[in-house]
J.: 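First the structure, which I've put down as structure tokens, then a few questions once you've had a look.
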Protein chains: 2
Amino acid sequence: MSGHIKNNIRTLRFHANEMSQAELGAKIGVTRQTIAAIESGKYSPSLEAAFKISEIFGVNLTDVFEWQA
Amino acid sequence: MSGHIKNNIRTLRFHANEMSQAELGAKIGVTRQTIAAIESGKYSPSLEAAFKISEIFGVNLTDVFEWQA
DNA sequence: ACGATATGTTAATAAAACTTGACATAAAGT
DNA sequence: ACTTTATGTCAAGTTTTATTAACATATCGT
């Protein structure tokens, strides 16, 4: 009923030299299936995974994940 | 082995007119025990819960939760 | 055409987040 | 002294997130 979370992972990956889902997963310590699920909005990541992803892309967490109330 | 997450909930609650854990929990839809556990660092919240908490305090998510690599 | 890489998706299982209910202590108000 | 409010903590249970493995299609380079 309340808000949901949008993400820009796909865009950020392609701007980061077309990094693959598998490569991103390896960098943060999750599987490619997990990245695929997060990217497609099947579920949202843990806070820790979210921080690691934003760290890889060198941006703020809220530039990767956006809360819409 | 990698980093951990620090939070400023206690401080933010006291700055927000000494809002109780129970009140914060009610506002974001979790129990007071969950707030206590998050606040004390027993575990980190879901990304959704983290967004809701920062929304209540009117600050950015990364002002509530800080990632230390 | 063939082999390699990237991604989509599903099913079964494991781990983490969260709930409920309980019992405890401490501080504040009356 | 008594009641109320705030918080700490624990155990058992449910829900959500993450893992692994499998099978699928599409694209790219040779």
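Bear in mind that the values here come from a model prediction, so they are computed numbers and not experimental data. Below, chains carry the letters A, B, ... as their sequence lines are ordered, and counting in each starts from 1.
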J.: What nucleic acid atoms does S40(A) come within less than 4.0 Å of, heavy atoms only: base, sugar-phosphate, or nothing?
T.: nothing

J.: Please check this pair: side chain of S40(A) against backbone of A36(A), looking for a donor-acceptor N/O pair closer than 3.5 Å.
T.: yes

J.: Rounded to whole Å, how long is the line connecting atom CZ of F14(B) with atom P of dT5(D)?
T.: 17 Å

J.: Have a look at I53(A) and tell me which of V59(A), I9(A), V30(A) forms a side chain to side chain contact (heavy atoms under 4.5 Å, CB included) with it.
T.: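 Result for side chain to side chain contact (heavy atoms under 4.5 Å, CB included) with I53(A): I9(A).
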
J.: How close or far is atom P of dG8(D) from atom OH of Y43(B), stated in whole angstroms?
T.: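 My rounded result for the distance is 13 Å.
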
J.: Of A37(B) and A49(A), whose nearest nucleotide on DNA chain D comes first from the 5' end?
T.: A37(B)

J.: Judged by atom type as modelled, is there a donor-acceptor pair below 3.5 Å linking the side chain of N17(B) to the main-chain atoms of M19(B)?
T.: no

J.: Can you confirm whether E66(B) sits close enough to N8(B) that some side-chain heavy atom of one is under 4.5 Å from a side-chain heavy atom of the other?
T.: yes

J.: Hey, could you give me the OG1/CG distance between T34(B) and L24(B), rounded to the nearest 0.5 Å?
T.: 10.5 Å

J.: Between V30(A) and A22(B), which residue's closest nucleotide on DNA chain D lies nearer the 5′ terminus?
T.: A22(B)

J.: A36(A) has a side chain; which of dC18(C), dT9(D), dG8(C) sits nearest to it?
T.: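 Closest nucleotide among those given: dG8(C).
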
J.: May I ask you to test the L61(B)-N60(A) pair for a side-chain heavy-atom distance under 4.5 Å?
T.: no

J.: Counting any heavy atom closer than 4.0 Å, what does T34(B) reach on the DNA or RNA strands: base, sugar-phosphate only, or nothing?
T.: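 Base, at least one base atom sits under 4.0 Å.
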
J.: On a heavy-atom basis, which atom in I28(B) and which in A49(B) lie closest, and how many Å separate them?
T.: CD1-O, 4.2 Å

J.: Could you walk me through whether F57(A) and H15(A) pass the side-chain contact (heavy atoms from CB on, under 4.5 Å) check?
T.: CA-CA 9 Å; F57(A) 294 125; H15(A) 287 175; over 6 Å; no

J.: Just the rounded figure in Å: distance from P of dT17(D) to CD1 of I35(A).
T.: 15 Å

J.: So which nucleotide from dT20(C), dG8(C), dT17(D) ends up closest to the side chain of T31(B)?
T.: dT20(C)

J.: Figure out the CD/P separation between Q21(A) and dT19(D), and round it to whole Å.
T.: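 For the pair Q21(A) CD and dT19(D) P, the rounded distance is 14 Å.
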
J.: Charged N to carboxylate O below 4.0 Å: is that the case for E39(B) and R13(B)?
T.: yes

J.: For the pair made of CG in L47(A) and C1' in dC18(C), what is the distance, rounded to whole Å?
T.: 15 Å

J.: Heavy atoms only: give me the nearest R10(B)-N7(B) pair and the separation to one decimal.
T.: N-OD1, 4.5 Å

J.: Estimate the overall bend of the helix from dA1(C)-dT30(D) to dT30(C)-dA1(D) from the end axes over five pairs each, rounded to 10 degrees.
T.: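 One end axis against the other gives 40°.
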
J.: I38(A) has a side chain; which of dA18(D), dT9(C), dC18(C) sits nearest to it?
T.: dA18(D)

J.: Given atom CD1 of I5(A) and atom C1' of dT16(D), what is their separation to the nearest angstrom?
T.: 13 Å

J.: Phosphate oxygens OP1/OP2 of dC18(C): is one of them under 4.0 Å from a side-chain N or O of S46(B)?
T.: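 Looking at the OP1 and OP2 atoms of dC18(C), one of them is under 4.0 Å from a side-chain N or O of S46(B).
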
J.: Test for a donor-acceptor pair under 3.5 Å between the base of dG21(C) and the side chain of Q33(B), counting only N and O atoms.
T.: yes

J.: All N/O contacts under 3.5 Å from nucleotides 23-30 of chain D to the protein, with atom names and distances to one decimal?
T.:
none

J.: Could you check how far NE2 of H4(A) sits from P of dT16(D), rounded to whole Å?
T.: 17 Å

J.: Among dT17(D), dT10(C), dA17(C), find the nucleotide with the atom closest to the side chain of K42(A).
T.: dT10(C)

J.: Counting the atoms with a prime plus P, OP1 and OP2 as sugar-phosphate, which does G29(B) contact under 4.0 Å by heavy atoms, base, sugar-phosphate, or nothing?
T.: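 Sugar-phosphate, no base atom in range.
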
J.: Mind calculating the distance between CD (E18(B)) and C1' (dT7(D)) to the nearest angstrom?
T.: 14 Å

